[in-house]
Amino acid sequence: MLLSHALRGAIKQGYGAASLRKDILSGITVGVVAIPLGMALAIAIGVPPQHGLYTVIVAGFLVALFGGSRFNITGPTAAFVVILLPIVQQYGLGGLMLATMMSGVILIIMGVFKLGRVISFVPYPVTIGFTAGIGFVIAFLQLKDLLGLQLASSPLHFFDKVYVYASALPTLNLTDAFIGIITIATFIGWNNLKSRVPAHIVALTVATLLAGIVTKSGVGFVSTLGSQFHFTVDGIVGNGIPQQLPSFSFPEISMDLIYTLLPASLAIAMLGAIESLLCAVVADGMTKTRHNSNSELVAQGIGNIVAPLFGGIPATAAIARTATNIRAGGLTPVAGMVHALFVLLAMLVLAPVLSYIPMAGLAGILVMVAWNMSEAPHFIKLIQVAPKRDVAVLLTCFTLTVVFDMVVAVGVGMTLACLLFIQRSIDITSSSSEVIKREEVANNALVCHRLEGPLFFAANDKIKALALQTPINSQVVVIDMEQVTAIDISAIKAIEELIEELSNMRILITHVKPHLFNKLIKVGMNDIANVDICESDSQFDDHLFSLGQKNSD
């Protein structure tokens, strides 16, 4: 059963008051971290901050309830910003909700068809390439709020954005820039202290207090959540975020819009799957546990289908929040559910207070999140030490993410991953030939062709080339498959074509592994008149002896 795999496993092992106490304390700790990040990430994609909190509440609770990892904490993440911002700019919040729900359906299909393990095999250069690109773009986009810039427009393409941001530099707000810099400095300084209190909270608290002091003293204007975002409830306009439960609403659906948003939905689903399963692997390494990848994918799908119905945006497991959960003592998915409930309670009680948070402070937090996710020092080291093919893939994925968008980068990145796999498989697939004398065949020349590695469509040329390496006067050809690990129908067809070209010779296919032997028998290769398939040395010797007898006759 895919649903609630982690929760059922935790309960089966025994769950008591002590475990509940630890989960509650951990859930509250993670909830405190999730509030500013949820709002900041919603703002980063161009929607009001409450939609980030709605995502934490709904998706965070459902994924913890139904998921396959005991420790994953789900909510909005920085990785999605590059995909979601263009969707919001072109199709609005309604288009984003529909794309999110479509990605949820795709995630459930992935889980049901047990693709969790396959997704985890994305090559490292592809992953690092687009995560570094995402980090760069996120940091760049924060310049608007970090410096208090007044942009003339919001273009879609990166180089157009660079031009607009550069043109807006004369509008720089010195007080916003000061608060943003202090936020970043506080974050870095607090991190170096290795405190158990998350740096996000300390830095944002300092920024909010500083913004209040600046505003009270009349030194300058500070842009805050309350000054930038407004809502209307029962005809009354409020500042910041609404102090109420998320309401149910269904997005408008049309087939044209579904077709248009399908590529973006696939990219959201793929990125969400990769990040969630990577997060689960990291959590397993920290706790010496094992997650169920397919259960986690189904749960992520459920969360992304339901959350948009209550104003949520795409969600996935967040590595930083998951690590915080583990360090705070969380033991089971109950901690994830508590973290969602805490955010709900905080929104209902503290919404007026949250409106005083400065936009530059949130931007500073996201700059640090972007820096951490980009792994810039490691990115540079990879360029210096990795093989040239890997460096090419790394830089291609990075460049496409920055210059175009994540939809293009994910598509090209996965294609490059497949090509990289094929190229390396070709490299380990080899063949060698040897002409030897064997008395068992009456001193006639015997040619032995040895195949090694996986045989699939990319190895066809190597198989067919064996015909040219076979002397025309040969009577017996041995195809040694002892080192062959796998074979597909294209390679089988290539072997059949090789046999046809050598139809005037006796073909012995030897040392065939049982699972490959069954495939060759199933396609009827053993029924070809001049072919014998041998699983063992004894069978091979028997065939050679038989051929020798015929020749001597």
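Just so we're clear, the structure is a prediction, and the values are computed from it rather than from any experiment. Each residue takes its place number in the sequence, starting with 1.
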To the nearest 0.5 Å, what is the distance between [atom1] on [X] and [atom2] on [Y]?
X: Thr470; Y: Leu502; atom1: OG1; atom2: CG; answer: 5.0 Å
X: Thr401; Y: Phe158; atom1: OG1; atom2: CZ; answer: 11.5 Å
X: Ile507; Y: His449; atom1: CD1; atom2: NE2; answer: 7.5 Å
X: Glu252; Y: Leu257; atom1: CD; atom2: CG; answer: 9.0 Å
X: Ser474; Y: Asn504; atom1: OG; atom2: CG; answer: 9.0 Å
X: Leu520; Y: Asp527; atom1: CG; atom2: CG; answer: 11.5 Å

Test salt bridge (Lys or Arg N to Asp or Glu O under 4.0 Å) applied to Lys464 - qualifying residues, sequence neighbours left out =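 By the salt bridge (Lys or Arg N to Asp or Glu O under 4.0 Å) rule, Lys464 matches Glu497.
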Taking the side chain as C-beta and beyond, is there a heavy-atom pair between [X] and [Y] under 4.5 Å?
X: Val523; Y: Glu496; value: yes
X: Arg8; Y: Leu3; value: no
X: Leu96; Y: Tyr91; value: no
X: Val402; Y: Phe140; value: no
X: Val369; Y: Ile138; value: no
X: Ile106; Y: Met270; value: no
X: Ile499; Y: Ile528; value: yes
X: Thr396; Y: Pro125; value: no

For Asn304 and Thr100, test the side chains for any donor-to-acceptor distance below 3.5 angstrom and give the result as yes or no.
->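 No - no donor-acceptor pair under 3.5 Å links their side chains.
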Using distance only, find each side-chain donor-acceptor pair of residues 62-87 under 3.5 Å and give its atom names and separation, not counting sequence neighbours.
| from | atom 1 | to | atom 2 | distance (Å) |
| --- | --- | --- | --- | --- |
| Ser69 | OG | Phe71 | N | 3.3 |
| Ser69 | OG | Asn72 | N | 3.3 |
| Ser69 | OG | Asn72 | OD1 | 3.4 |
| Arg70 | NH1 | Gln13 | OE1 | 3.3 |
| Arg70 | NH2 | Gly9 | O | 3.4 |
| Arg70 | NH2 | Gln13 | OE1 | 3.3 |
| Asn72 | ND2 | Ser276 | O | 3.3 |
| Asn72 | ND2 | Glu296 | OE2 | 3.2 |
| Thr74 | OG1 | Gln300 | NE2 | 3.1 |
| Thr77 | OG1 | Glu275 | OE1 | 3.2 |

Does the [X] side chain pair with the main chain of [Y], one donor and one acceptor, at a distance under 3.5 Å?
X: Asn526; Y: Ile521; value: no
X: Asn372; Y: Met368; value: yes
X: Ser26; Y: Lys22; value: no

Checking [X] now: which residues fulfil side-chain hydrogen bond (donor to acceptor under 3.5 Å, both in side chains) with it, not counting sequence neighbours?
X: Thr324; value: none
X: Thr332; value: Asp23
X: Thr131; value: none
X: Asp284; value: Thr289, His291

Going by the rule ring-ring contact (aromatic ring centres under 6.0 Å, His included), which residues pair with [X] if we only count those two or more places apart in sequence or in a different chain?
X: His378; result: Tyr124
X: Phe398; result: Phe379
X: Tyr15; result: none

Where do Leu277 and Leu297 land on the side-chain contact (heavy atoms from CB on, under 4.5 Å) test, with the steps shown first?
-> CA-CA 8 Å; Leu277 298 185; Leu297 288 179; 4.3 Å; yes
Could you report the tightest heavy-atom contact between [X] and [Y], atom names first, then the distance?
X: Ala59; Y: Gly303; result: CB-O, 4.0 Å
X: Ser103; Y: Ser265; result: CB-O, 3.5 Å
X: Glu501; Y: Ala467; result: OE1-CB, 3.6 Å
X: Val447; Y: Pro471; result: CG2-CD, 3.5 Å
X: Ile253; Y: Leu98; result: CG1-CD1, 3.8 Å
X: Asn530; Y: Arg506; result: CA-NH1, 3.2 Å

Which residues share a side-chain contact (heavy atoms from CB on, under 4.5 Å) with Ser490, sequence neighbours left out =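 Partners of Ser490 under the side-chain contact (heavy atoms from CB on, under 4.5 Å) test: Phe457, Asn460, Asp488.
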Mind checking what makes side-chain contact (heavy atoms from CB on, under 4.5 Å) contact with Ala340, not counting sequence neighbours?
->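 Result, side-chain contact (heavy atoms from CB on, under 4.5 Å) vs Ala340: Phe61.
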In this structure, are over 12 heavy atoms from other groups packed under 6.0 Å from Glu500 atom CD?
->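 Count not over threshold, so no.
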Side chains of residues 476-485: which donor-acceptor partners sit under 3.5 Å, not counting sequence neighbours?
| from | atom 1 | to | atom 2 | distance (Å) |
| --- | --- | --- | --- | --- |
| Asp480 | OD1 | Glu482 | N | 3.0 |
| Asp480 | OD1 | His511 | ND1 | 3.3 |

Evaluate side-chain contact (heavy atoms from CB on, under 4.5 Å) for Met101 paired with Leu309, printing each intermediate quantity in order.
-> CA-CA 9 Å; Met101 295 176 70; Leu309 300 176; 3.7 Å; yes
Trace of the side-chain contact (heavy atoms from CB on, under 4.5 Å) decision for Ile305 with Leu107 | CA-CA 10 Å; Ile305 290 174; Leu107 284 166; over 6 Å; no
Stepwise side-chain contact (heavy atoms from CB on, under 4.5 Å) test for Met102 and Ile268 = CA-CA 9 Å; Met102 291 167 61; Ile268 293 171; over 6 Å; no
